Amino acid sequence: MAANRPGHDAVVPVIDQLEPSLAVRHSLPAIAGLTCGPMNNNEPQCSEYVPESRLIAQRLGKADSLRDRGINPFTNQVRVDHTLADLFRLHGEKSHTELQSQAIEVSVAGRLRFFRRMGKASFLKVQDGSCQPGIKPAGQTADGRKVPPTDDLLQLLVQSDMVGAEAYELCQSFDLGDYIAASGLLMRTRTGELTVQVRRLKLLTKSLRPLPEKWHGLSDMETRFRQRYVDLIMNDRAKETLRIRFEATRLIRQFFYQRGFVEVETPMLHTTPGGAAARPFLTHHNALDLDLYLRIAPELYLKRLVVGGFERLFEIGRCFRNEGLSRFHNPEFTMVEFYQAFATFLDLMTFTEELLTYLVGEIHHGMVLTCDSHQIDFTPPWPRLTVHQAVAKYTGVDEDRLHDRGELERLAAGCALPDHDSMNTGKLLMALFDALAQPHLVQPTFVTHYPLEVSPLSRKNEADPTLVDRFELFVAGWEVANAFSELNDPVDQYMRFLDQLKAKAAGDEEAHPMDLDYIRALEYAMPPAAGEGIGLDRLAMILADAATIREVIPFPLLRPESGPTTTVE
RNA sequence: GGGGCGUUAGCUCAGCUGGUAGAGCAUCGGGCUUUUAACCCGCAGGUCGUAGGUUCGAGUCCUACACGCCUCACCA
C-alpha cells in the first residue's frame, strides 16, 4: 500500500518538543532581507541562516524538530488526484447523503490558509493554484438548505480519532502558509460545507515566513508590488487582474493565428532606437565594445520583415522607454504590434474592432464592461473622428478655423498650455487634442488623420498631404492603439528623417533618428501595408478594470528597498 | 524634477496641545471533537523609516535623506 501511495506512506510521528533553539539563531545580528547564508554543499548551512524575526525563528525551530525526527519539512513525496477546482466540479453538488453512500476518497494538496483548532478536532482550509472565485459551489446542509460559499478554499476536518493521536499532535504544529497534503473521504459539515474528513495528513513544505493577517490581508501597495508572491496568495483581485492580463495575451495570439499572421521576434538591442518618439535606455556590449539601446518600438524591424516577404506578422514583446513613471507608464511595457500587406489603416480599424470585441467577449461574456468607473460599451462599429473634428467637437470652435495657427494659439492660451510657442502647428494641434478632446473619449473611439509633423513613418493622405493616414483608438480617455498606412516611399521617408534631424538639432530630444538601413530596405520595395501597435498593458487595465499599470504588470519597476546600492552619477 | 500625503509589533491600524508606546488578528502556553473573522483564559512581542537638530524630555516639533502613494511636469 505504501508503495502505491508514495504521498501518504509516512504519516509522521508526534513532535514532542517544538521549542526553537532561539539562542543559537540570535547569535548573529539580524540583517533585514537576508534569507540565507553561504552554502558549501547540497545541504543548507542552517547555522548561517539568520531569521529576520522571532516568528521566523519559531518556524525554523519547528522545521528542525521535524528533521530531528526524520521528517523532511521540504519533501517532494506527494501524490495528488484532484485539484480543488476538479474536486468542486466533480463533487461540489453532491448532497450529504450522496457523499455518505458513495464514500469518495480524494487526495489533495495546497497551502494552509485557515486553521481553527477545537481541542481534538481541527478545521483547516487549503488553497491551490486552481482556486478562483466562482468555482466553489454553494454548501448544502443536511436539511437541504443552500449556503453560499464564503471563500474559494477547500476545508479539511482533522479529528484525533480519525488520524490517530500522534498525527493529530503533529498537525497542531502546522502554520498558516505551510503546504500540506491530505487524503480522506468527502463529507458535508453541519453547516453544509464540502469537507475532506482527513484520514492521512502530511506536511509538504514548511512556510517560514508568516502570511499577513487573514481579515485585512495585505493592502500596503509597496509590499504588494515588491512581494507580488504574497499579494497573489492573499488577494484574489490581484490574481484575477493578472490572470485576465495573461489570458488576453493568449487570446490575442489565438486571434492572429486564426487570421494567418506569423508570430515573429525581432531585436530588443538596437543600434538605432527608432519606431517611436521616446528616450531610450542605453546599454553596452562588452565584447563588441558597442553602445546599444533597448528598443523603444519593434516597428522598423517588423517592416524589414514585411520587405522580406512576411506579409502578415505580429510580435508581442517588451519595449523600454526611459521616461517618467505614472499610472499609465512603466519603463518596460508590452506591445502587440502587427503588419498586414495590401491593407490600409481603414482595414485596421475594422480589424481592431474585431480583435477587441473578441477579447471583451471572451473575458466578459458581453460587450459592456466597467473601467475607471465608466460603463464602456464595445458594441461595434465605434465612432470615427478626425483629429480636427474631435478638437472642434469639444471646444466648439469651427473645424475649418483649426487650420489657422492663430486660432490654435488662442486655444492654447485659453487652457494654459505651456511652451506652445515653440511647437510646430501639428504638435500644437495634438497638444490641444490631448488636453481638450482626449479626456472625453470614454467610449471606444477612433481618431484619424493626424498631422504630418507628428507622424514621420506614416503614409501621407492623398487628398491632404499635411495629414497622414493614421488612427489612434481611445477607450476610457486612454490611448490604446496607434495605427497607420505605412510610408513605403523611400525618398519620402528619407526626407521625413531629415526633417526629424532638423527637429533634433533644434532641441527636440525625441525626434526620430535617421536609419539608413531602413531606407535601404524600403528601396527594395515594401508592399503597401498597414501596421498597428496596441499597448497590451493598457488594454489589460481596461479588461481588468485596473487603476494603475502596476496592477497588470507582475513586477513593476520600483526603486530598490534598501536605498541606492550604486553611486549617483 | 515640483507639490501634497504617508512610513509605529508578522499584518491592519490607533497614539490629541511634546511627558519613556496601544488595539485587533497572527504567534506562544492552557481549554474545547462539526467550525466559518470559531470561542474562552493567559503570556510574550517595538531602535516608532534613517541621520541630525530644538527641548529637562521627541512616535509627536524642525532639517536633511531613503522608500512609497497621489498629483503636476516629462511622456503615449
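Each chain gets a letter, A, B and so on, in the order its sequence line appears, and its residues count up from 1. Computed from a predicted model, the values in this text were never measured in an experiment. Values below: all heavy atoms of this structure, side chains included; hydrogens, waters and symmetry mates excluded.
- Listed by chain and number, the residues in a side chain to side chain contact (heavy atoms under 4.5 Å, CB included) with A:Phe225 are A:Met221, A:Arg228, A:Arg550, A:Glu551, A:Pro556, A:Leu558 (sequence neighbours excluded).
- Scanning residues 116-127 of chain A for heavy-atom distances under 4.0 Å to RNA chain B yields A:Arg116, A:Arg117, A:Met118, A:Gly119, A:Lys120, A:Ala121, A:Phe123, A:Lys125.
- Where A:Pro212 and A:Arg559 meet RNA chain B, the nucleotide closest to each residue was compared, and A:Pro212 sits on the side nearer the 5' end.
- Computed from coordinates, the A:Phe115 CZ to B:C39 P distance equals 15 Å when rounded to whole Å.
- For B:A26, the OP1/OP2 oxygens have a side-chain nitrogen or oxygen of A:Lys214 closer than 4.0 Å.
- Judged as a side chain to side chain contact (heavy atoms under 4.5 Å, CB included), and not counting sequence neighbours, the contacts of A:Glu453 are A:Asn424, A:Thr425, A:Pro451.
- Checked for salt-bridge contact, A:Arg295 and A:Glu315 meet the test: a charged N lies under 4.0 Å from a carboxylate O.
- With both ends at atom C1', the span from B:C11 to B:A66 equals 23 Å, rounded to whole Å.
- For A:Pro73, the side chain to side chain contact (heavy atoms under 4.5 Å, CB included) partners at least two apart in sequence or on another chain are A:Ala63, A:Leu66, A:Arg67, A:Leu203, A:Lys206.
- Each of B:C28, B:C67, B:G24 was ranked by its minimum atom distance to the side chain of A:Gln58; first place goes to B:C28.
- Interface remark: the A:His329 side chain does form a donor-acceptor pair with the B:C75 base, using a distance-only criterion of under 3.5 Å.
- The C1' atoms of B:U12 and B:U17 are separated by 28 Å, rounded to the nearest whole Å.
- With a cut-off of 3.5 Å on both pairing distances, B:U36 has no Watson-Crick or G-U wobble partner at all.
- Remark: B:G24 base-pairs with B:C11. Criterion, Watson-Crick or G-U wobble with two distances under 3.5 Å.
- Nucleotide B:U35 holds its C1' atom 11 Å from the CD atom of A:Gln159, rounded to whole Å.
- The residue A:Phe114 sits close only to the backbone: its heavy atoms come under 4.0 Å of sugar-phosphate atoms, none of a base.
- Rounded to an integer number of Å, the gap from A:Leu325 CG to B:G2 P is 16 Å.
- Of the candidate nucleotides B:U34, B:G24, B:A44, B:G24 has the atom lying nearest to any side-chain atom of A:His216.
- The separation of B:G22 from B:C16, taken at their P atoms, amounts to 13 Å, rounded to a whole angstrom.
- One interatomic measurement links the two molecules: CG of A:Leu157 to C1' of B:U36, which rounds to 13 Å at whole-angstrom precision.
- Between the CD atom of A:Glu222 and the P atom of B:C5 there is a distance of 19 Å, rounded to whole Å.
- For A:Leu218, taking side-chain heavy atoms from C-beta onward, the closest of the listed nucleotides B:U12, B:C70, B:U35 is B:U12.
- For B:U36, neither phosphate oxygen OP1 nor OP2 lies less than 4.0 angstrom from any side-chain nitrogen or oxygen of A:Arg113.
- Residue contacts shown for A:Gln155 include a base, since a base heavy atom lies under 4.0 Å away.
- Contact annotation for A:Gly535: no contact, since no heavy-atom pair falls under 4.0 Å across all strands.
- Across all strands shown, nothing is found opposite B:U17 as a Watson-Crick or G-U wobble partner with both distances under 3.5 Å.
- Judged as a salt bridge (Lys or Arg N to Asp or Glu O under 4.0 Å), the pairs with a partner in residues 477-487 of chain A (not counting sequence neighbours) are, in order, A:Lys303-A:Glu486.
- With P as the reference atom, B:C74 and B:C61 are 35 Å apart, rounded to whole Å.
- Dashed line: the shortest gap from a side-chain N or O of A:Thr191 to OP1 or OP2 of B:U36 is not under 4.0 Å.
- Applying the Watson-Crick and G-U wobble criteria (two distances, each under 3.5 Å), B:C69 pairs with B:G4.
- In terms of polar N and O atoms assigned as donor or acceptor, the side chain of A:Glu193 comes within less than 3.5 Å of the base of B:U36 in a complementary pairing.
- For A:Phe333 and A:Phe328, the ring centers sit 6.0 Å or farther from each other.
- For the pair A:Glu532 and A:Phe471, the minimum side-chain heavy-atom distance is below 4.5 Å.
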Listed pairs under 3.5 Å, donor-acceptor, residues 152-162 of chain A side chains, sequence neighbours left out:
| residue | atom | partner | partner atom | Å |
| --- | --- | --- | --- | --- |
| A:Gln155 | NE2 | A:Thr195 | OG1 | 3.0 |
| A:Gln159 | OE1 | A:Gln197 | NE2 | 2.8 |

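- As judged by a 4.0 angstrom heavy-atom cut-off over every strand, A:Ile56 is placed among residues making no nucleic acid contact.
- Judged by distance alone, with hydrogens and angles left aside, A:Glu52 brings no side-chain donor or acceptor close enough to the base of B:G10 to form a pair under 3.5 Å.
- Between the CG atom of A:Asp434 and the P atom of B:C75 there is a distance of 10 Å, rounded to whole Å.
- A:Phe351 and A:Phe338 have tilted rings, their planes meeting at an angle from 30° to 60° on a 0 to 90° scale.
- Atoms CG (A:Asp152) and P (B:U36) sit 19 Å apart, rounded to a whole Å.
- Here A:Glu479 lies in heavy-atom contact (under 4.0 Å) with a base.
- Side-chain atoms of A:Ser219 stay outside donor-acceptor range of the base of B:U12, with no qualifying N/O pair under 3.5 Å.
- In this model, the phosphate group of B:G68 is not approached by any side-chain N or O of A:Arg550 to a distance below 4.0 Å at OP1 or OP2.
- Within the nucleic acid shown, A:Thr548 comes within 4.0 Å of sugar-phosphate atoms alone, with no base atom in reach, counting heavy atoms only.
- Taking atom P on both nucleotides, B:G18 is separated from B:G57 by 15 Å, rounded to a whole Å.
- With distances taken from any side-chain atom of A:Thr150 to the nucleotides B:U36, B:G68, B:C28, the minimum falls on B:U36.
- If A:Ala278 and A:Pro210 are placed on RNA chain B by their nearest nucleotide, the residue sitting closer to the 5' end is A:Pro210.
- Between the C1' atoms of B:C32 and B:C39, the separation comes to 9 Å (whole Å).
- Contact check, A:Arg190 against B:U35: a side-chain N or O comes under 4.0 Å of OP1 or OP2.
- If you check B:U33, B:C28, B:U34 against the side chain of A:Asp175, the one that comes closest is B:C28.
- One can place CG of A:Asp178 at 13 Å from C1' of B:U27, the figure rounded to the nearest angstrom.
- For B:U36, the OP1/OP2 oxygens have no side-chain nitrogen or oxygen of A:Lys136 closer than 4.0 Å.
- Ion pairing of A:Asp64 with A:Arg59 is absent here, as no side-chain N (NZ or NE/NH1/NH2) approaches a carboxylate O to less than 4.0 Å.
- Here A:Met162 lies out of heavy-atom contact (under 4.0 Å) with every strand.
- Shown here is A:Arg384, whose CZ atom has more than 12 heavy atoms of other residues, nucleotides or ligands within 6.0 Å.
- When both pairing distances are held under 3.5 Å, B:U50 makes a Watson-Crick or G-U pair with B:A64.
- A gap of 15 Å separates the C1' atoms of B:U8 and B:U50, to the nearest Å.
- Under the 30°/60° scheme for interplanar angles, the aromatic rings of A:Phe281 and A:Phe320 are found to stand perpendicular.
- Between B:A37 and B:U63, the two P atoms lie 47 Å apart (nearest whole Å).
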